[in-house]
**Student:** 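One structure, as structure tokens, below. Some questions next.
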Amino acid sequence: MRGTYALVTAGLLGGLLARPAVADVPGEIGDQEVGVGAAIAAGGDLTAGGVRVSGRYLYQLAEDDWFDGAVGFTYGGGGVGCVDVAGELACDRGRLRGAAVEVTAGVRRRFTGRGRFVPHVRVAVGGRLVRFGDDDLGGFAIPVVAAGGIRVRVTPGIAIGAEAALESGIAWFGRGLGAEPQLGMVVGGQVEFRLR
């Protein structure tokens, strides 16, 4: 009897003191995850905007921090937005025009949420190829991203979330434009799948 009592007590204490596995915590991010997302990217001037689809990879670095790498494709409208004024190119693009391909790398930090809802912030830097086809204008940008979002785990292996991001940086264009600022906002959602 005494042996059984000792075993039960040791088991209960061990269960209370042990940190729950990531898979057992509602809303928790897994050690590794992949995701897909869709968003609206609002650009302006020479920042491409439109519908953005992306793929993402998360890898746990520390208890609350994850490497967050993404590849994104932005598809916006066309139309001529640049004119030659006294031998210099002047461009005034709409917010949802142009196209871009980008790769970003950064860190996502999660915070304690309420129940299954887990908020996070993300900072990242990347490289982006920008193209305005109707103006025969292209360039390379270096965006810096600051974002915040929230997610909820809907099954042990799947989470859904929403995020808003501000992007700023600089781009270098041809046709005599040179360096131009980049500024945009992105709002969208994603589905993330646990790998481990």
**Student:** Is there a salt bridge (charged side-chain N to carboxylate O under 4.0 Å, His left out) between Arg110 and Glu192 once you walk through the steps?
**Tutor:** CA-CA 15 Å; Arg110 67 126 168 118; Glu192 295 171 342; over 6 Å; no
**Student:** Please lay out, stage by stage, how Phe140 and Phe173 fare under the test side-chain contact (heavy atoms from CB on, under 4.5 Å).
**Tutor:** CA-CA 7 Å; Phe140 176 76; Phe173 289 95; over 6 Å; no
**Student:** Give, for atom CZ of Phe132 and atom CG of Leu46, the distance between the pair rounded to the nearest 0.5 Å.
**Tutor:** 5.5 Å
**Student:** Which atom names give the shortest non-hydrogen contact between Phe111 and Val118, and what distance separates them?
**Tutor:** O-CG1, 3.5 Å
**Student:** When you compare the side chain of Val186 with that of Ile40, does any pair of heavy atoms fall below 4.5 Å?
**Tutor:** no
**Student:** Measure the spacing between CZ of Phe67 and CG of Leu61 and express it to the nearest 0.5 Å.
**Tutor:** 8.0 Å
**Student:** What closest approach, in Å, do Ala141 and Pro143 show between heavy atoms, and which atom pair accounts for it?
**Tutor:** O-CD, 3.5 Å
**Student:** May I have the step-by-step check of side-chain contact (heavy atoms from CB on, under 4.5 Å) for Met185 and Val187, ending in yes or no?
**Tutor:** CA-CA 7 Å; Met185 182 172 183; Val187 177; 4.0 Å; yes
**Student:** Would Trp172 end up clustered with Leu137 when hydrophobic side chains under 4.5 Å apart are linked, directly or stepwise?
**Tutor:** no
**Student:** For the residue pair Gln32 and Tyr59, what are the closest heavy atoms and their distance?
**Tutor:** CG-CD1, 3.5 Å
**Student:** Could you report the tightest heavy-atom contact between Leu183 and Thr47, atom names first, then the distance?
**Tutor:** N-OG1, 3.0 Å
**Student:** Within a strict 4.5 Å, meaning less than it, do heavy atoms of the Glu33 and Gln60 side chains meet?
**Tutor:** no
**Student:** Taking the side chain as every heavy atom from C-beta outward, state whether Thr104 and Glu102 have any atom pair closer than 4.5 Å.
**Tutor:** yes
**Student:** Testing the basics here: between Gly188 and Ala39, what is the closest heavy-atom pair and its distance to 0.1 Å?
**Tutor:** CA-CB, 3.6 Å
**Student:** What are the two closest non-hydrogen atoms of Gln182 and Val130, and how far apart are they?
**Tutor:** OE1-CG2, 4.2 Å
**Student:** Hey, does Thr74 have a side-chain heavy atom less than 4.5 Å from the side chain of Val51?
**Tutor:** no
**Student:** If you measure from CZ on Arg109 to CG on Asp65, what distance do you get to the nearest 0.5 Å?
**Tutor:** 4.0 Å
**Student:** Taking Val121 as the starting point, is it possible to reach Ile150 by hopping between hydrophobic residues whose side chains are less than 4.5 Å apart?
**Tutor:** no
**Student:** Going hydrophobic residue to hydrophobic residue with side-chain gaps under 4.5 angstrom, can you get from Val36 over to Tyr75?
**Tutor:** no
**Student:** Under 4.5 Å between side-chain heavy atoms, counting indirect links through other Ile/Leu/Val/Met/Phe/Trp/Tyr residues: same cluster for Ile142 and Val145 or not?
**Tutor:** no
**Student:** Kindly compute the distance separating CZ (Arg194) from CG (Leu58), expressed to the nearest 0.5 Å.
**Tutor:** 11.0 Å
**Student:** Salt-bridged, Glu163 to Arg52, with N to O below 4.0 Å?
**Tutor:** no
**Student:** Is it true that Val107 and Val125 fall in one hydrophobic cluster, defined by side-chain heavy atoms closer than 4.5 Å?
**Tutor:** no
**Student:** Under the salt bridge (Lys or Arg N to Asp or Glu O under 4.0 Å) definition, can you give me all pairs with a residue in residues 67-79, not counting sequence neighbours?
**Tutor:** Arg56-Asp68, Asp68-Arg108
